[in-house]
Participant: 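Have a look at this one before I ask anything.
Keep in mind that what you see is a predicted model, and the values were worked out from it rather than measured. All values below come from the heavy atoms of this structure, side chains included, with hydrogens, waters and symmetry mates left out.
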2 protein chains.
Amino acid sequence: MTKTLNHAARMADITPFYVMELLGRAKALEAQGRKIIHMEVGEPDFPTPEPIVEAGIRALAAGQTKYTLALGTPELREAIAKFYRQRYGVDISPRRIAVTPGASGALQLALAALIDPGDDVILADPGYPCNRNIIRLLGGNPVDIPVGIDTAYQLTPALVSRHITASTTAIMLTNPSNPTGTLVPSGNMAGILERTGGENVAPIIRATNTPINDRQRPTPARENRGKNSRRAALVVDEIYLGLVYGENTNAADTNTALALSEDIFVVSGFSKYFGMTGWRLGWLVAPESFMRVIEKLAQNLYLSAPTTAQHAALAAFESGTLKTLEARRKEFEQRRDFLLPALRKLGFDIPVTPRGAFYLYADCGRFSQDSLAFALEILENTGVAITPGLDFGKNSSQRHVRFAYTTCMENLREGVERLRDYLD
Amino acid sequence: MTKTLNHAARMADITPFYVMELLGRAKALEAQGRKIIHMEVGEPDFPTPEPIVEAGIRALAAGQTKYTLALGTPELREAIAKFYRQRYGVDISPRRIAVTPGASGALQLALAALIDPGDDVILADPGYPCNRNIIRLLGGNPVDIPVGIDTAYQLTPALVSRHITASTTAIMLTNPSNPTGTLVPSGNMAGILERTGGENVAPIIRATNTPINDRQRPTPARENRGKNSRRAALVVDEIYLGLVYGENTNAADTNTALALSEDIFVVSGFSKYFGMTGWRLGWLVAPESFMRVIEKLAQNLYLSAPTTAQHAALAAFESGTLKTLEARRKEFEQRRDFLLPALRKLGFDIPVTPRGAFYLYADCGRFSQDSLAFALEILENTGVAITPGLDFGKNSSQRHVRFAYTTCMENLREGVERLRDYLD
């Protein structure tokens with residue numbers, strides 16, 4: 001028998017990014033000279049603001065190239081805390097902030113600190129695919145809850161009540177949502193938080209001293225018995241929270257979940273609102289009782305976040321930079337206000353007006369019941385690249401596509417025209 | 001009953017870095033005005049070479065701040081392949097190279113691609129602690145094999161034969177070793193590779209279609225039944241391979257493991273030899289059949305490695321830079337050649353002469369049987385900071401400490417004098 005090296009069996013459960021197939025084809029078409037309108041990319045088209053780039057250059061010139069502390073430089077943790085105070089009126093101790101390699105790193109820290117093998121994590125479908133995959137890598141079970149227009153594609157207290165069990169370790173929300181751009185409506189975040197430890201939750205008892213390398217251990221966490229009772233943690237991804245549109249951006253329904261409790265995990269970062277994607281810098285705010293565990297995890301998983309980026313990011317909170325970023329937010333809002341009615345007019349069904357991020361999640365059922373084939377067809381025939389719903393879950397994902405307005409108004413106009421010509 | 005948020009139970013199995021306790025105390029002493037000689041730090045004291053810093057500054061000024069492809073820029077993957085050709089005479093397809101956020105990122109990719117919950121991974125004790133902890137986070141079992149002076153603190157074909165079972169997914173080597181600086185002796189690497197799929201290995205059959213979120217699944221991989229036979233993978237951490245001393249640095253016993261087979265995983269990066277710690281840039285070389293899975297993992301775990309660092313690292317392979325790096329290697333060698341006999345003379349037992357990295361692993365049994373207490377005592381009384389053996393495993397770790405020669409000769413001399421005054 002020939003012996004081969006096999007992938008871990010669970011790799012079959014880690015979903016690929018279908019959009020990569022689109023991108024490959026888009027590149028091939030571009031190589032042939034076609035102009036592609038990119039509306040598939042989850043990355044702002046704006047460059048990193050000048051003061052941040054300059055601070056990065058200064059840091060490099062000054063030789064700031066060594067490891068930092070695992071949780072980040074004290075200056076940056078302090079600056080992030082100050083940002084929460086100024087923008088959201090919330091007092092966060094810098095001790096609760098871990099600086100991470102991108103929001104991805106923050107997601108890993110939070111989930112690794114919470115999940116034991118066999119634990120359940122509740123999340124919305126459609127949703128950001130990496131969440132599910134990181135949960136799977138940690139041996140947890142992503143429990144996808146189909147959400148639709150009736151709840152603005154978000155979990156609600158009622159949905160959480162219906163699905164939470166004693167084996168639920170965490171409930172994940174993305175606010176605003178990727179791919180739908182919708183918010184958790186006012187009050188619902190507090191209601192969900194209540195449900196995490198509310199009367200409906202059968203107390204779970206978990207063992208704290210079973211060594212992980214005890215290979216005989218077959219018991220999922222929900223069957224463990226120990227001395228502590230616990231409740232599920234609320235993990236909120238707020239990477240798009242800086243990009244909320246409309247007049248009431250400081251109203252309660254667009255505030256950080258951190259305003260509600262000190263026992264919440266918030267994932268965030270510098271990539272989207274601050275325009276620092278390639279710098280790979282994010283942060284996690286966690287309950288203070290988790291910080292020692294999170295520091296251990298940071299040491300083991302990544303040692304420290306990129307140093308130049310940590311120095312550069314200090315300039316992200318300067319008033320000049322924030323002014324630039326607010327102007328960009330307005331620009332995103334104008335794009336949304338153009339693209340949303342334009343796509344509706346073409347026959348895409350977008351029943352909930354997205355309040356944030358830079359995505360429109362559109363029902364393409366009038367044109368196709370196969371979102372990947374549809375996205376490829378559109379690309380081939382119009383040169384417009386969009387993301388198939390398939391990338392965000394299983395809930396009606398065959399009849400949805402995501403449009404990103406991460407390209408300039410001129411391109412958006414041209415994209416809409418090309419789509420009109422083809423779909424008519 | 002009050003309900004609290006609990007850490008994942010397995011966090012108790014993720015070991016802390018004891019050296020952090022040392023560092024905290026060292027900082028307190030420094031704040032009091034004491035001069036501390038740092039011999040605990042696993043980071044070169046040399047700054048990043050000037051051409052790399054300049055390339056980083058140029059990349060920032062040119063606006064290179066967006067995400068790259070998940071596996072890294074084609075230019076850098078190409079440059080790494082070329083480096084293997086020129087330095088080690090080994091032909092590696094750039095397609096087999098994934099650019100990662102530090103060697104830590106490469107370690108995660110390799111282990112996540114290989115390990116199913118319940119799988120065993122064989123490693124040497126003493127060894128780099130993050131290896132074990134990442135294995136635990138993925139649900140694997142680190143199988144620590146005590147190694148000593150008879151095998152130069154490395155695994156051997158005989159040791160692997162003795163411990164490999166049908167549930168062994170991978171064998172990890174660090175070459176040169178952290179904390180011992182010793183190499184896998186010539187021929188042993190090939191012998192170990194042979195054992196991974198040799199006659200001694202009972203064929204393992206693994207299921208490839210059991211979904212991870214099937215919560216009823218209690219079977220560790222070794223009990224699975226499926227249609228493929230497999231062998232254990234060899235994962236070699238070569239992050240210190242650029243730092244090998246003596247005349248025969250190009251001889252077979254100091255070559256990359258990649259020379260042996262296309263079915264090997266090699267973890268490496270820009271932090272140690274190239275002096276780019278804070279940039280967080282590493283790479284993984286994997287068998288070509290794993291690259292699609294590794295790309296999926298990269299997309300999910302970190303999206304892409306830091307962009308500026310990827311551009312800057314292209315300058316790491318320029319001849320001027322390599323000249324600087326080779327001069328630094330000589331400097332490290334001189335430090336080793338000073339510190340090794342000096343510590344032996346003081347009464348530390350270092351029976352195997354380390355051939356690489358920048359560490360000396362010393363038996364301090366003449367002075368103490370409690371390496372953490374001893375390190376703290378030394379720090380308090382002499383101002384010399386060293387790492388307790390406890391950080392590297394359980395095998396005689398109470399009577400060992402690690403000295404890092406990552407500080408200048410003057411400091412090393414002063415450190416040795418202080419130790420002599422105190423220990424005499």
Participant: With rounding to the nearest 0.5 angstrom, report the CD1 to CE distance, A:I115 to B:M11.
Facilitator: 9.5 Å

Participant: For A:L138 and B:R10, run side chain to side chain contact (heavy atoms under 4.5 Å, CB included): C-alpha distance rounded to whole Å, both residues' side-chain angles, the deciding distance at 0.1 Å, then the answer.
Facilitator: CA-CA 11 Å; A:L138 292 164; B:R10 67 171 154 197; 3.5 Å; yes

Participant: Provide the closest heavy-atom pair for A:L301 versus B:S104 in the form atom of the first, atom of the second, distance.
Facilitator: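 Minimum heavy-atom separation between A:L301 and B:S104: O-CB, 3.3 Å.
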
Participant: For the candidates B:V41, B:I135, B:L107, B:L137, which exhibits the highest count of non-hydrogen atom pairs separated by less than 4.5 Å from chain A?
Facilitator: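 With the most close heavy-atom pairs to chain A, the winner is B:L137.
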
Participant: I'd like to verify something: which residue of A:L303, A:V53, A:I134 has the highest number of heavy-atom pairs under 4.5 Å with chain B?
Facilitator: A:L303

Participant: If I measure from the heavy atoms of chain B, does A:A305 come under 4.5 Å with its side chain, its backbone, both, or neither?
Facilitator: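 Contact with chain B is through the backbone of A:A305 alone.
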
Participant: Which region of B:Q299, side chain (C-beta onward) or backbone (N, CA, C, O), has a non-hydrogen atom less than 4.5 Å from a non-hydrogen atom of chain A, or is it both or neither?
Facilitator: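 Both backbone and side chain.
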
Participant: Chain A heavy atoms under 4.5 Å from B:T15: which part of the residue, side chain, backbone, both or neither?
Facilitator: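 The backbone, not the side chain.
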
Participant: Which atom pair, heavy atoms only, marks the closest approach of B:A8 to A:A112?
Facilitator: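 That would be CB-O, 3.9 Å.
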
Participant: Show the nearest heavy-atom pair for residues B:F290 and A:N6, with the distance to one decimal.
Facilitator: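 Heavy-atom minimum between the residues: CZ-O, 3.4 Å.
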
Participant: Using heavy-atom distances under 4.5 Å, tell me whether B:P306 contacts chain A through its side chain, its backbone, both, or neither.
Facilitator: both

Participant: Working to the nearest 0.5 Å, report the span between CG of B:L60 and CH2 of A:W279.
Facilitator: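 Between atom CG of B:L60 and atom CH2 of A:W279 there are 4.5 Å.
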
Participant: Stepwise, does the side chain to side chain contact (heavy atoms under 4.5 Å, CB included) test hold for B:T308 with A:T308?
Facilitator: CA-CA 9 Å; B:T308 315; A:T308 314; over 6 Å; no

Participant: So with a 6.0 Å cut-off around CD of A:E288, is the heavy-atom count from everything else above 12?
Facilitator: yes

Participant: Is it the backbone or the side chain of A:L297 that comes under 4.5 Å from a heavy atom of chain B, or both, or neither?
Facilitator: side chain

Participant: With a cut-off of 6.0 Å (strictly less than), are more than 12 heavy atoms of other residues, nucleotides or ligands near CD of B:E262?
Facilitator: no

Participant: If you count heavy-atom pairs within less than 4.5 Å of chain A, which of B:P16, B:P47, B:G102 leads?
Facilitator: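 Of the candidates given, the most pairs with chain A belong to B:P16.
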
Participant: Are A:F17 and B:K296 close enough, and set up right, to give a side chain to side chain contact (heavy atoms under 4.5 Å, CB included), and what steps lead you there?
Facilitator: CA-CA 7 Å; A:F17 285 18; B:K296 272 202 304 189; over 6 Å; no

Participant: Which atoms form the tightest heavy-atom contact between B:E295 and A:M20, and what is the distance?
Facilitator: OE2-CE, 4.5 Å

Participant: In terms of heavy-atom proximity below 4.5 Å to chain B, should A:T68 be classed as side chain, backbone, both, or neither?
Facilitator: neither

Participant: Which atoms of A:L69 are under 4.5 Å from chain B, going by heavy atoms: the side chain, the backbone, both sets, or neither?
Facilitator: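 Side chain only.
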
Participant: From B:L114 CG over to A:H7 NE2, what is the distance, rounded to the nearest 0.5 angstrom?
Facilitator: 9.0 Å

Participant: Specify which of A:G278, A:G56, A:A113, A:A70 makes the most heavy-atom pairs with chain B at under 4.5 Å.
Facilitator: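 Of the options given, most contacts go to A:G278.
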
Participant: Check whether any side-chain heavy atom of B:L5 sits under 4.5 Å from a side-chain heavy atom of A:R231, and report yes or no.
Facilitator: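 B:L5 vs A:R231: side chains touch.
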
Participant: For A:F265, is it the side chain, the backbone, both or neither that has a heavy atom under 4.5 Å from a heavy atom of chain B?
Facilitator: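 Contact with chain B: side chain only.
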
Participant: What residue, out of A:T307, A:T277, A:V293, has the most heavy-atom pairs lying under 4.5 Å from chain B?
Facilitator: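 Option with the greatest count: A:T277.
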
Participant: Could you check whether any side-chain N or O of A:R280 sits under 3.5 Å from a backbone N or O of B:Y67, counting only pairs where one atom can act as donor and the other as acceptor?
Facilitator: no

